2 protein chains.
Amino acid sequence: MPRAATTSDIFNAVAEPRRREILTFLARRERPVSEIVIGLELDQPSVSKHLRVLRETGLVHMRCQGRQKFYRTNAQAIRPLHDWASRFEQYWSQQLNRVKQRAEAVAARENT
Amino acid sequence: MPRAATTSDIFNAVAEPRRREILTFLARRERPVSEIVIGLELDQPSVSKHLRVLRETGLVHMRCQGRQKFYRTNAQAIRPLHDWASRFEQYWSQQLNRVKQRAEAVAARENT
DNA sequence: ACATTAGATGTCTATATAGGAATATGTCAA
DNA sequence: TTGACATATTCCTATATAGACATCTAATGT
């Protein structure tokens, strides 16, 4: 079996670095496709294809105005990723505490 | 160009759902491979291959003991993912606030 | 109507899987 | 040494890209 489709979920969609750049670029405000092409120095068909993946996974919203299409990051859609990673927060803070405690123990020993 | 290797970075590594399951499974405590096989109902070669990807990206640590190998999630390695997603937190909270404010405005109107 | 502009789609190619089956490596126990 | 056990690797196949290039569609201005 090959890898899951990039459109299967947000984890696969954001695995591509260019798509992450696009999401960052479109987070603050909506922009037409041409601005993405110029701003990120990608060629236009490539941007359109990435936007399609992002649209299908709900990571961006699109608004038509004349012949322009304005895209904007849908920040809400990124929450599941954040939530998943957050489950490990307790573990890395534990690890940090252990490191900190060891350092303090060493320091205390050196001061006696 | 094909997709980037799963071992190229953690974004690609965690794009695979089974690997996310494994990381969750190994977060609380270290376990030998056989426990992963039984616990997640995967076949052994598949688990070994996923573990290799996770090892190469630094998402798990491994410890040998006799003929067993104990794996454990390296929570620290997940932080970049969390940090990236966190950059969008301000935007989704803004969106939530707008929704909240609209709801409150409606409620206020109905009470007059 | 016609040329122009913005964006989307199609084609082609090289490459990296994930799964399944078979096999290899390494370690312990009798 | 031999056999059993734990894990890793190899081989095979079908499939899904991402990039480059060409082309198509839709909306606009004159």
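It should be emphasised that the depicted structure is a prediction, and the values quoted were computed from it without experimental measurement. Note on naming: letters A, B, ... go to the chains in the order of the sequence lines (proteins, then strands), and numbering restarts at 1 for each one.
- For B:Lys69 and D:dC5, the NZ to C1' distance is 14 Å, given to the nearest whole Å.
- Nearer to the 5' terminus of DNA chain D, by closest-nucleotide assignment, is the contact made by B:Pro45 (compared with the other of A:Val53 and B:Pro45).
- The listed nucleotides are D:dT17, C:dT9, D:dA18; the one nearest the side chain of A:Arg19 is D:dA18.
- A heavy-atom distance below 4.5 Å is found between the side chains of A:Leu59 and A:Leu23.
- The side chain of A:Pro2 has D:dA14 as its nearest neighbour among C:dG19, D:dT17, D:dA14.
- B:Ser48 comes within 4.0 angstrom of a nucleotide base, judged by non-hydrogen atoms across all strands.
- Taking atom CZ on B:Arg3 and atom C1' on C:dT13, their separation rounds to 17 Å, with Å as the unit.
- For the pair B:Leu42 CG and D:dT7 P, the computed distance is 14 Å after rounding to whole Å.
- Nucleic acid contact class of A:Ser46 (heavy atoms, under 4.0 Å, all strands): sugar-phosphate only.
- The phosphate of C:dA18 (OP1 or OP2) has no side-chain N or O of B:Arg18 nearer than 4.0 angstrom.
- What separates CZ of A:Arg31 from C1' of C:dA6 is a distance of 17 Å, to the nearest Å.
- Taking only side-chain atoms of B:Glu16, from C-beta outward, the nucleotide of C:dA18, C:dA16, D:dG19 with the closest atom is C:dA18.
- At a threshold of 4.0 angstrom between heavy atoms, the contacts of A:Pro32 are confined to the sugar-phosphate backbone, with no base atom among them.
- Annotation: of the two residues near DNA chain C, A:Glu35 and A:Lys49, the 5′-most nearest-nucleotide partner is A:Glu35.
- Between A:Gln65 atom CD and C:dG7 atom C1' the separation is 15 Å, expressed in whole Å.
- Between A:Leu51 and A:Ile36 there is a side-chain heavy-atom pair separated by less than 4.5 Å.
- Look at CZ on A:Arg67: it is 7 Å from C1' on C:dT4, rounded to the nearest Å.
- Map A:Ala4 and A:Val47 each onto its nearest nucleotide of DNA chain C; the residue landing nearer the 5' end is A:Val47.
- Atoms CE (B:Met62) and P (C:dG26) sit 13 Å apart, rounded to a whole Å.
- At a threshold of 4.0 angstrom between heavy atoms, the contacts of B:Phe70 with the nucleic acid are absent.
- Atom CE of B:Met1 is separated from atom C1' of C:dT11 by 18 Å (rounded to the nearest Å).
- For B:Arg52 and B:Glu56, the salt-bridge test passes: some basic side-chain N is under 4.0 Å from an acidic carboxylate O.
- Residue B:Arg28 places its CZ atom among 12 or fewer non-hydrogen atoms of other residues, nucleotides or ligands, all under 6.0 Å distant.
- Of the side-chain N and O atoms in A:Ser34, one or more sit less than 4.0 angstrom from OP1 or OP2 of C:dG7.
- At a threshold of 4.5 Å between non-hydrogen side-chain atoms, the residues A:Ile22 and A:Leu40 count as touching.
- With hydrogens and angles left out, the side chain of B:Gln44 and the base of D:dA8 share a donor-acceptor pair within 3.5 Å.
- Between A:Tyr71 and the phosphate of C:dA6, there is no side-chain N or O to OP1/OP2 separation shorter than 4.0 Å.
- Interatomic distance, NE2 of A:His61 versus CZ of A:Arg55, reported as 12.0 Å (0.5 Å rounding).
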